[in-house]
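Below is one structure, written out as structure tokens; the observations come after it.
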Amino acid sequence: MNNLNRLFQFASNIGVQGPLYAIANARIHSPIPLEAVENWKFWNEPKSSWVESLARAYPPSSRRKAYLDSMLAQDHATGIESHYDISNDFYALFLDTKYKFYTCAEFFRDEETLEEAQENKAKYLLSLLNLNGNEKVLDLGCGWGAMLKYLQDTGHYGELTGFTLSKEQLTYTREKLGLNVSLTNFITAPFGNTPCDRILSIGALEHVRPQELKQLYEKIYNSLTPKGLAVHQFFSFERESYPASAILLQLFFPGSLLVIHRHHIEAAESVGFRITHDSIHDYKPTIKAWYERLVENQKKALELVGLEIYNRYMTFFPVAWLFFEQKEAELHRIVMEK
Ligand SMILES: C[S@@+](CC[C@H](N)C(=O)[O-])C[C@H]1O[C@@H](n2cnc3c(N)ncnc32)[C@H](O)[C@@H]1O
């Protein structure tokens, strides 16, 4: 994009999506790689109160809703493919090397590596799943197969199945890991003919739109065996439905809109689930670890995906960190009992 085009794009973004989005998009289209320290500071140093107020208030809520509704008109796969189907080798540059979890880890101590922290998280989720070893487990939005592989590695011998909407992930999980994964939209498609003992999702319910939630929980409930469990890790808005940050997030997850946490709980309870666990965890150390690894691997990343995608992730991580720092959203782990 030349300078004139960048200027037009910036002006148009200011008018439609507001200043936060316009600035982020301009930085993504920077003609040079974003510099690590300056870039992190740019998003995360305290701003004056009028800048904060403008960023939160513009565009006004009726305009935000109209824009988000137009983004939500696209089908799920388009947004998912644009985020996940970039290059498996690119993701491998910053995710943990053993499992490739692309979700919040659990750092108990600052010195822990990302690999240790992801195994801490997997162990935590395993304890919530309360397995004997022979249960049928379905992973909604299984990514690069991380949790399914962890279950295998820790001795699970019951049937394991995963759904994803990413073709790159499908190839990886089937060909590299030999897992039973299919390209299935868990929002619109049935889950199969035989009930599951456990239904799991890690970082996938973020892609479920508010109006789809109740139907999805109903399907999860009906697809579980009696006394079956659903275990979910996801982040959700704490307060407003259409904050300015929801517009900014369209740059990274087009067509996804977070649900307010209370609405998750109400939807799950309304179909019959009993919530037996709901804990909050800190996403920020994981995001910082991914950022640092991406910066360390800048040269390879640029070779693999080019400047724009590199700058997109360099922008995504500090924006996401700030999002959790300001407690716009919180990361929950939840157990729902049938
Ligand atoms: C953030 S990744 C998390 C992957 C994995 N659970 C992990 O912990 O690394 C989100 C995953 O949800 C999947 N996903 C999102 N919406 C989906 C849908 N409607 N149907 C199937 N998979 C979906 C994506 O393809 C991706 O695999």
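Model, not experiment: these values are computed from the prediction.
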Distance only, no hydrogens: is a donor on one side chain within 3.5 Å (strictly under) of an acceptor on the other, for N88 and W144?
yes
For the rings on H263 and F237, is their centre-to-centre separation under 6.0 Å?
no
Using distance alone, with no hydrogens and no angle criterion, decide if T286 and K121 have a side-chain donor and acceptor under 3.5 Å apart.
no
Charged N to carboxylate O below 4.0 Å: is that the case for D69 and K65?
yes
H156 and Y150: side-chain donor and acceptor closer than 3.5 Å?
no
Would you check if there is a donor-acceptor pair between the side chains of S166 and T164 at a distance under 3.5 Å?
no
Run E106 and R333 through salt bridge (charged side-chain N to carboxylate O under 4.0 Å, His left out) and show every step you take.
CA-CA 11 Å; E106 184 76 56; R333 295 189 188 135; 2.6 Å; yes
Under a 4.0 Å threshold between the charged nitrogen and the carboxylate oxygen, would R27 count as salt-bridged to E38?
yes
State yes or no: are the ring centers of Y313 and F90 separated by less than 6.0 Å?
yes
Give the C-alpha distance, both sets of side-chain angles, the deciding distance and a yes or no for salt bridge (charged side-chain N to carboxylate O under 4.0 Å, His left out) between K214 and E218.
CA-CA 6 Å; K214 187 166 174 205; E218 204 158 39; 5.6 Å; no
In the structure I gave you, are the side-chain heavy atoms of H261 and H332 within less than 4.5 Å of one another anywhere?
yes
Does the Lys NZ or Arg CZ of K288 fall within the cation-pi geometry relative to W40 - under 6.0 Å from the ring centre and within 45° of the axis?
yes
Determine, step by step, whether E303 and K300 satisfy the salt bridge (charged side-chain N to carboxylate O under 4.0 Å, His left out) criterion, reporting the C-alpha distance in whole Å, the side-chain angles of both residues, the deciding distance to 0.1 Å, and the verdict.
CA-CA 5 Å; E303 281 164 16; K300 280 190 211 142; over 6 Å; no
Would you say H281 and S279 are linked by a side-chain donor-acceptor pair, where the criterion is simply a distance under 3.5 Å?
yes
Can you name the closest pair of heavy atoms from S256 and H207 and give their distance?
OG-ND1, 2.9 Å
Cationic N near anionic O, under 4.0 Å, D282 to K284:
yes
Does either side chain, that of S201 or that of Q233, offer a donor lying less than 3.5 Å from an acceptor on the other one?
no
Centroid separation under 6.0 Å, is that true for the rings of F163 and F186?
no
Should E337 and R274 be marked as a salt bridge (charged side-chain N to carboxylate O under 4.0 Å, His left out) after you check the CA-CA gap, both sets of side-chain angles, and the distance that decides it?
CA-CA 5 Å; E337 206 174 276; R274 208 164 58 86; 2.7 Å; yes
Applying the ring-ring contact (aromatic ring centres under 6.0 Å, His included) test to F316, which of F94, W43, Y102, F253 qualifies?
F253
